[in-house]
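Have a look at the structure below, then the notes.
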Amino acid sequence: MALAALHMSGAVKIVALSDVHAMSEKLIAKPGEAIDKQAAADMRMIKQSADILRTTVKEIIKERPQVVLISGDLTKDGERLSHEFVVAQLELLRAQGIKVLVVPGNHDISNAHAKSFQGAKTKSAATITRDDFRQLYARFGHGAGVQRDTSSLSFAAEPVAGLVVIGIDSNRDEENLLKSRGDSVNTYNTAGRIKPATLQWVAARVREARAQGKQVVGMMHHHLIEHFDQEAKLLEKYVVADYKNVRNTLVDAGLRVMLTGHLHITDIARDYIGGDSITEVATSSLVTYPFHYRTITIDDGVMRVDTRQIKAVPSCKNLLAEGRLQVEKAVPALLDGMLNRALAKMDAVASKFSGMMALFGGGSFDLSKMKSGMKQVCHAQFDDLATRAMLALYEGNEGENPDTKHVIEEMEKGMNMVMEASLPAGIAEMVQEPLRESVMPKFHNLLRSILEDRNHCGTPQEVIVNDKTTSFKM
């Protein structure tokens, strides 16, 4: 694709945030058991979230960027009061001459989880519709002076001469049902997709900008490319549907960089398609340890990404330590949920195990006992390892963490122990060899991809990108 020479009027400084998850303090009508219970079970520091955003806004004003980009999940759960608080904070930036552009995340619109806290009880809180979002954020990418997609909340804006930011709406909140609006049930969609009409609109805006010799930055909530191998399979709700075709369409149009969030990790990934590449800068949640945001400089066709950190706020002087503890406390429950989903699938294969048992002299097969035993062994083997791995992922550059090699080795040993301890003796003996020859090498590569920061691990396309500081041509 022949492109005009790219140019901008000097270097541009950007601050990128994601997953702000701000909760208005007005929603805590009465402190007590309800908010304490919610906060204790959440990796996000929701009690301190408003304070974290206020502190970040002050830091941004000191940074003096021309542009601030926020890739979704502006609020805890889409509460109108939280949106109004976020807008008030963004207005402080705008008053300093800083352009702010936002896209919604899966938490932000038509969210039935919106609630206020009243002592020991909770109460449903008012949320917002898509029309409300347009009105609230009219000065931040959704009003006059931008090109807007008619099929979604996507937009194309030029906050600085020569730089086009394309905000892409990747959410499915239009499918949500809310009892508060007359529906019979509450439903909540966290998965992402780009509508076909929107994809074509975005591709056209990218081509148009590139043909005019302008730099283009894409921004959306969900991932466009996998940040570790098999992410689209293992965590399908974090990658946009049909991501390979979507990625190819946008790369073919000339897009080279995408800013995202959603998974709450500090990670930068890159895919190569033919002779072209696309780099995705995923920024972790502002209100979750380690409280990262990005500073980005674009100069002479090169983007440089650096990482900043909020270490303390007025309401929490030990923010880093308390945030880390919050993650550590939450991981076992997260692992338990993953195990429950995996074990639920075992019912479908129970009859096959019973048939295999017959080949080895019969005997009874107690699936419920097997599940219970597997969960116990998994927690014994993986609670501590999963916590250490999660912290490394959140911190970024996990491959440089001196603990990583040990964690991988211990996870592989743990997987073998889980299989040996959970399966009936005859079955365990029968599957050990196939596991060693086929499953374990794949498990090893998956662990290396996740914990050594390797995309396309073990293939000629393998690539490692520094998660915290990197530079690349756009």
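The chain is numbered in sequence order, starting from 1. Being a predicted model, the structure only gives us computed values, none of them experimental.
Within a 6.0 Å radius of CD in Glu236, no more than 12 heavy atoms belonging to other residues, nucleotides or ligands are found. More than 12 non-hydrogen atoms from other residues, nucleotides or ligands lie less than 6.0 angstrom from NZ of Lys329. Atom CD of Glu33 has 12 or fewer heavy atoms from other residues, nucleotides or ligands within 6.0 Å. Crowding of Arg139 atom CZ: a count of heavy atoms from other residues, nucleotides or ligands under 6.0 Å not exceeding 12.
Between the side chain of Glu79 and the backbone N or O of Ala114, no donor-acceptor pair lies under 3.5 Å. With hydrogens and angles disregarded, a donor-acceptor distance shorter than 3.5 Å links the side chain of Asp108 to the backbone of Thr75. Judged purely by atom type and a 3.5 angstrom limit, Thr387 uses its side chain to pair as donor or acceptor with the backbone of Asp383. His107 contributes no side-chain N or O that, together with a main-chain N or O of Gly78, makes up a donor-acceptor pair within less than 3.5 Å. Within the 3.5 Å criterion, the main-chain N or O of Lys99 finds no donor-acceptor partner in the side chain of Arg94. Gln326 contributes a side-chain N or O that, together with a main-chain N or O of Asp42, makes up a donor-acceptor pair within less than 3.5 Å. Side-chain atoms of Asn397 never come within 3.5 Å of backbone atoms of Glu400 as a donor-acceptor pair (strictly under, hydrogens ignored). Of the possible donor and acceptor atoms, one in the side chain of Asp51 sits under 3.5 Å from a partner among the backbone N and O of Ser315. Side-chain atoms of Asp132 come within 3.5 Å of backbone atoms of Thr129 as a donor-acceptor pair (strictly under, hydrogens ignored). Gln96 places no side-chain N or O within donor-acceptor distance of the main-chain N or O of Ile61, the cut-off being under 3.5 Å.
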Task: Derivation of the side chain to side chain contact (heavy atoms under 4.5 Å, CB included) call for Ile278 and Ile225 - done: CA-CA 9 Å; Ile278 184 163; Ile225 65 178; 4.1 Å; yes
TODO: In sequence, state the C-alpha distance, the side-chain angles, and the governing distance for Gln89 and Leu92, and then conclude on side chain to side chain contact (heavy atoms under 4.5 Å, CB included).
DONE: CA-CA 5 Å; Gln89 292 302 305; Leu92 297 177; 3.7 Å; yes
TODO: Please report the C-alpha distance between Asp149 and Thr198 in whole Å, then the side-chain angles of each, then the deciding distance to 0.1 Å, and finally whether the side-chain hydrogen bond (donor to acceptor under 3.5 Å, both in side chains) criterion is met.
DONE: CA-CA 7 Å; Asp149 174 38; Thr198 296; 2.7 Å; yes
Open item on the list: With side chain to side chain contact (heavy atoms under 4.5 Å, CB included) as the criterion, how do Met303 and Gln215 come out once you've worked through the C-alpha distance, each side chain's angles and the decisive distance to 0.1 Å?
Closed with: CA-CA 10 Å; Met303 173 178 280; Gln215 300 283 15; over 6 Å; no
- [ ] Give the C-alpha distance, both sets of side-chain angles, the deciding distance and a yes or no for salt bridge (charged side-chain N to carboxylate O under 4.0 Å, His left out) between Glu395 and Arg324.
- [x] CA-CA 10 Å; Glu395 291 165 356; Arg324 182 185 174 99; 3.2 Å; yes
- [ ] Go through the steps for Glu398 and Thr404 under the test side-chain hydrogen bond (donor to acceptor under 3.5 Å, both in side chains), then give the verdict.
- [x] CA-CA 7 Å; Glu398 48 273 24; Thr404 290; over 6 Å; no
Task: Residues Glu25, Arg54; criterion salt bridge (charged side-chain N to carboxylate O under 4.0 Å, His left out); working and verdict - done: CA-CA 12 Å; Glu25 290 146 328; Arg54 279 192 288 260; 2.7 Å; yes
Task: Steps toward salt bridge (charged side-chain N to carboxylate O under 4.0 Å, His left out) verdict (Glu63, Arg308) - done: CA-CA 11 Å; Glu63 292 270 6; Arg308 300 286 190 269; 3.1 Å; yes
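Two residues are said to be in side-chain contact when any heavy atoms from C-beta on lie closer than 4.5 Å; Ile265 and Tyr394 meet this criterion. Looking at heavy atoms from C-beta onward, Phe472 lies in side-chain contact with Val257 at the 4.5 angstrom threshold. Side-chain contact between Met23 and Arg44 is absent, with no heavy atoms from C-beta onward closer than 4.5 Å. In this structure, the side chains of Glu59 and Val15 stay at 4.5 Å or more apart for every pair of heavy atoms. The side-chain heavy atoms of Tyr289 and His264, taken from C-beta on, include no pair separated by under 4.5 Å. Proximity of Glu158 to Gln212: side-chain heavy atoms (C-beta onward) are nowhere separated by under 4.5 Å. Looking at Ile268 and Asn466, their side chains never come closer than 4.5 Å, going by heavy atoms from C-beta outward. Residues Phe228 and Leu235 meet the side-chain proximity criterion, which asks for heavy atoms closer than 4.5 Å.
Smallest separation of non-hydrogen atoms from Pro31 and Ile35: CA-CG2, 4.3 Å. When every heavy atom of Phe291 is checked against every heavy atom of Leu286, the shortest pair comes out as CD2-O, 3.3 Å. The two residues Arg294 and Thr307 make their nearest non-hydrogen contact at NH1-OG1, 2.9 Å. Residue Thr283 comes nearest to Ser18 through the heavy atom pair O-CB, 3.6 Å, listed as atom of the first residue, atom of the second, then distance. For Val206 against Gly254, the heavy-atom pair with the smallest separation is CG1-C, 3.7 Å. Taking each heavy atom of Ser151 and Lys195 in turn, the nearest pair found is O-NZ, 2.7 Å.
Using modelled atom types and a 3.5 Å distance limit, the side chains of Thr279 and Arg270 yield a donor-acceptor pair. Side-chain contact annotation: Thr266 with Asp467, donor-acceptor N/O pair under 3.5 Å absent. Ser449 and Arg454 share no donor-acceptor pair across their side chains, judged by distance under 3.5 Å alone. Side-chain contact check for His262 and Asp73: no donor-acceptor pair (N or O, by modelled atom type) lies under 3.5 Å. A side-chain donor-acceptor contact under 3.5 Å links Tyr137 and His83. Checked by atom type, the side-chain pair Asp173/Asn106 shows no donor-acceptor distance below 3.5 Å. In this structure, a donor-acceptor pair under 3.5 Å is present between the side chains of Asp271 and His456.
Note: Phe133 and His142 meet the aromatic proximity criterion, with ring centroids under 6.0 Å apart.
Between Asp252 and Arg207 a salt bridge is recorded (basic side-chain N to carboxylate O distance below 4.0 Å). One finds no salt bridge joining Lys47 and Glu322 here, because no Lys/Arg side-chain nitrogen approaches an Asp/Glu carboxylate oxygen to under 4.0 Å.
Annotation: side chain to side chain contact (heavy atoms under 4.5 Å, CB included) contacts of Ala241 (sequence neighbours excluded): Arg193. The side chain to side chain contact (heavy atoms under 4.5 Å, CB included) test applied to Pro402 returns no partner, not counting sequence neighbours.
The side-chain contact (heavy atoms from CB on, under 4.5 Å) test with Phe140 is passed by exactly one of Leu74, Val103, Leu101, Val100: Val100.
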Pairs under 3.5 angstrom only: tabulate donor-acceptor contacts from the side chains of residues 176-183 to other protein residues two or more places apart or in another chain.
unit_1, atom_1, unit_2, atom_2, d
Asn176, OD1, Asn189, N, 2.9
Asn176, OD1, Asn189, ND2, 3.1
Asn176, ND2, Ser110, O, 2.9
Arg181, NH1, Ser110, OG, 2.7
Arg181, NH2, Ile128, O, 3.1
Asp183, OD2, Leu178, N, 2.8

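Here CH2 of Trp201 is found 9.0 Å from CD1 of Ile168. Values are rounded to the nearest 0.5 Å.
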